[in-house]
Amino acid sequence: MKRITIAIDGFSSCGKSTLAKQLAHHLHYTYIDSGAMYRAVALYVIENGLVIDGVLNHAALLRVLKHIHIGFKHDDASQRSETWLDGRNVEHRIREMDVSHNVTLVSPVPEVRAKLVQLQQEAGKGGGVVMDGRDIGTVVFPNAEVKFFMTARPDVRAQRRYQELKGRGAHIDYESVLANIERRDTDDTTRKADPLIQAADAFVIDNSDLTSQEQFDIALGVVVKAIGVVTEA
Ligand code: DC
């Protein structure tokens, strides 16, 4: 059976990675979290003093960009692919709020996007991949056989992210999580370089009122239909 490319785009915290992991697991595909790569660059600029008073030292980032090594390694214990930055596992660190706050400083930088898009295309070549992000169906894999565009109401997304961070022991209040989500929605949709837009051929899933199982069943139906069509062609 042909191993296709599945692109999942959408707003932050609307369950893209949950669906992507479910599909990858079910189909025995590789899951790639493209947002983790932008988060890793954000962590790099935080740790290397390239953000001062909320302002990114753009010139310094461009000087070091080609030396920043971002990759994924499969962790046998967790059975997950984890994000590495310059030889260190940063999978958990990049989910913390300071990284979430600073990621929109680096994600609009065209040179950062060019580097990460190239890494993503490399990682996904050959198919059998589920990748989630903001520009996967429009820029990274415009020819992906299946594209999903996911959305949910901001309050629903904030509640889910809040519970997730709380569950990991973070000291955080709901209002700041909601504010961060709303700010990232605006930043993601209004930036000049590869903004979040719905691909014309994407299947839209609003999961505000769907369980994760319901969402998975809908998505798998779309994928099975696509694989069937591809296989018969
Ligand atoms: O999916 P996420 O919330 O972990 O993504 C983190 C940030 O990275 C988000 O604010 C938008 C940005 N991003 C992007 O610009 N392009 C992608 N393909 C993935 C994420």
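Arg168 has a carboxylate O that lies under 4.0 Å from a charged side-chain N of Glu164, or vice versa, which qualifies the two as a salt bridge. Note on Lys2 versus Glu145: salt bridge recorded, some NZ/NE/NH1/NH2 to OD/OE distance being below 4.0 Å. In summary, Arg93 and Asp98 engage in a salt bridge, as defined by a charged side-chain N under 4.0 Å from a carboxylate O.
For the pair Asp132 (side chain) and Ile8 (backbone), a donor-acceptor distance under 3.5 Å is absent. The closest donor-acceptor contact from the side chain of Arg113 to the backbone of Ser107 lies under 3.5 Å. Looking at Arg183, its side chain does come within 3.5 Å of a backbone N or O of His101 through a donor-acceptor pair. Put simply, the side chain of Asp9 gets close to the backbone of Asp135: a donor and an acceptor are under 3.5 Å apart. Looking at Tyr31, its side chain never comes within 3.5 Å of a backbone N or O of Leu23 through a donor-acceptor pair. Remark: the backbone N or O of Leu50 is not paired with any side-chain donor or acceptor of Asn48 at under 3.5 angstrom.
His69 meets the ring-ring contact (aromatic ring centres under 6.0 Å, His included) test with no other residue; sequence neighbours excluded. Under the salt bridge (charged side-chain N to carboxylate O under 4.0 Å, His left out) criterion, Arg191 pairs with Asp188, not counting sequence neighbours.
Annotation: side chain of Asp187 is not in contact with side chain of Val103 (no heavy-atom distance under 4.5 Å). Between Ser12 and Arg157, some side-chain heavy-atom pair lies under the 4.5 Å cut-off. Side-chain contact between Gln120 and Val139 is absent, with no heavy-atom pair separated by less than 4.5 Å.
For Ser13 against Arg160, the heavy-atom pair with the smallest separation is O-NH1, 4.5 Å. Between Val106 and Ala42, the shortest heavy-atom distance links the atoms CG2-N, 3.9 Å.
Note: the hydrophobic cluster containing Ile136 also contains Tyr38 (ILVMFWY, side chain heavy atoms under 4.5 Å, direct or indirect links).
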